[in-house]
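Working notes for the structure below.
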Amino acid sequence: MKILIADDHALFRDGLSLHVEKFAPKAIILQAANFSQAVKIAQSTPDLNLIIIDLDMPDMDWADGIRTLQETAPDTRLVIISATEDVRNIKKALDMGVSGYIPKRSDTKVITSALHLILEGGTYLPPSIMEQASKVVASTQSRNNKLLTPRQEEVLSYVAEGMSNKQIAYKMSVSEATVKLHINALLRAIGATNRTQAVIIAQKRGLI
């Protein structure tokens, strides 16, 4: 696995690199101090699995930077980690197709779970802005004619079968924490407040 961390603060890059190495000891961690360096690394490393990038870097507008990275590495999942939690930035980032938005103030356990979720094909949004962003997620997904990600659909099918989080985690070979993140995301996406309601709504919409 190859992961690129791009942030203009070296101390933060080093700290995040050490954290990533703890849960992915075999990963190759690459670093960039700005968007331009990140693009060069992406060009020379076509097999990148994940790009973790800050929004506020001085050399390029963040939207232009992310767009260039997506064009350079179209098959690489990209997650934003930022000190700002402006819902307008989150909406724009989701519209552009990023796989997650992690606040820098997040606990290390939260960052670990979020990165696991993203690497497994999910999308992460912090709980503090989930309500504001749920409408954004719904509108973005509806434009793609798809309400849930494949992993969320899989989790939903197991929920409909009455499986517990532990059973689902075993079935999918992931942690219970990851299952909880998937469930929270799909509840928000379809506008449900609990598992039972999610199944009822999904059945009415023909999702299961």
What's the separation between atom CZ in Phe23 and atom CG in Leu119, rounded to the nearest 0.5 Å? 6.5 Å
Sub-4.5 Å side-chain heavy-atom contact between Ile168 and Glu176: no
If you measure from the Lys or Arg side-chain nitrogens to the Asp or Glu carboxylate oxygens, is any gap between Arg13 and Asp7 under 4.0 Å? no
Using every non-hydrogen atom in the two residues, find where Ala32 and Ile41 come nearest and quote the distance to one decimal. CB-CD1, 4.0 Å
Counterpart residues, side-chain hydrogen bond (donor to acceptor under 3.5 Å, both in side chains), relative to Ser175 (two or more places apart): Thr178
Just by distance, do the side chain of Ser44 and the backbone of Lys40 share a donor-acceptor pair under 3.5 Å? yes
Give a yes or no on this: more than 12 heavy atoms of other residues, nucleotides or ligands lie within 6.0 Å of atom NZ of Lys180. no
Should Leu50 and Leu115 count as side-chain neighbours, where that means a heavy-atom distance under 4.5 Å? yes
Check whether Ile190 and Ile200 end up in the same hydrophobic cluster, where Ile, Leu, Val, Met, Phe, Trp and Tyr are linked by side-chain heavy atoms less than 4.5 Å apart. no
If we check side chain to side chain contact (heavy atoms under 4.5 Å, CB included) with Lys109, which of these qualifies: Asp107, Thr112, Ile111? Asp107
Between Ile3 and Leu30, is a side chain to side chain contact (heavy atoms under 4.5 Å, CB included) present by the stated rule, with each step listed? CA-CA 6 Å; Ile3 299 174; Leu30 307 171; over 6 Å; no
Is the count of non-hydrogen atoms from other residues, nucleotides or ligands lying under 6.0 Å from Tyr170 atom OH greater than 12? no
Using a 4.5 Å cut-off on heavy atoms from C-beta on, say whether the side chain of Val79 contacts that of Val98. no
With a 4.5 Å cut-off on side-chain heavy atoms, are Asn49 and Arg77 touching? no
Looking only at non-hydrogen atoms, find the nearest pair between Pro58 and Asp8 and report the distance. CD-OD2, 3.6 Å
From OG (Ser36) to CG (Asp59), nearest 0.5 Å: 4.0 Å
Donor-acceptor contact present, side-chain Ser164 to main-chain Gln167, <3.5 Å: yes
Distance from Ile51 atom CD1 to Ile5 atom CD1, nearest 0.5 Å? 11.5 Å
For residues Ile28 and Leu78: do they belong to one hydrophobic cluster (side chain heavy atoms under 4.5 Å, members Ile, Leu, Val, Met, Phe, Trp, Tyr)? yes
Tell me the closest heavy-atom pair linking Phe35 and Ile53, and the distance in Å. CE2-CD1, 3.3 Å
Drop me the distance from Gln152's CD to Asn184's CG, to the nearest 0.5 angstrom. 10.5 Å
For Glu154, which residues count as a salt bridge (charged side-chain N to carboxylate O under 4.0 Å, His left out) partner, sequence neighbours excluded? Arg151
Less than 4.5 Å apart, side chain to side chain, heavy atoms only: is that true for Ile80 and Asp54? no
Report yes if the side chains of Ser82 and Tyr101 come closer than 4.5 Å at any heavy-atom pair, otherwise no. yes
Report the C-alpha separation of Ile183 and Val155 in whole Å, then their side-chain angles, then the decisive distance to 0.1 Å, and conclude whether the side chain to side chain contact (heavy atoms under 4.5 Å, CB included) test is met. CA-CA 7 Å; Ile183 290 176; Val155 170; 3.6 Å; yes
Please check if any side-chain donor atom of Gln31 sits under 3.5 Å from a side-chain acceptor atom of Asp14, or the reverse. yes
Counting only heavy atoms not in Leu18, do more than 12 fall under 6.0 Å of its CG? yes
Is the shortest heavy-atom distance from the side chain of Leu16 to the side chain of Ile52 under 4.5 Å? yes
Would you say NE2 of His9 has more than 12 non-hydrogen atoms from neighbouring residues, nucleotides or ligands within 6.0 angstrom? no
Distance-minimising heavy-atom pair for Ser99 and Ile118: O-CG1, 3.5 Å
Using 0.5 Å steps for rounding, measure from the CH2 atom of Trp62 to the CG atom of Asp56. 10.0 Å
Which atom of Gln37 lies closest to which atom of Ala33, heavy atoms considered: OE1-N, 2.9 Å
Does any non-hydrogen side-chain atom of Val199 lie less than 4.5 Å from one of Val159? yes
Non-hydrogen atoms of Ala42 and Leu69 that approach each other most closely: CB-CD2, 4.1 Å
From Phe12 atom CZ to Ile81 atom CD1, the distance as rounded to the nearest 0.5 Å: 4.0 Å
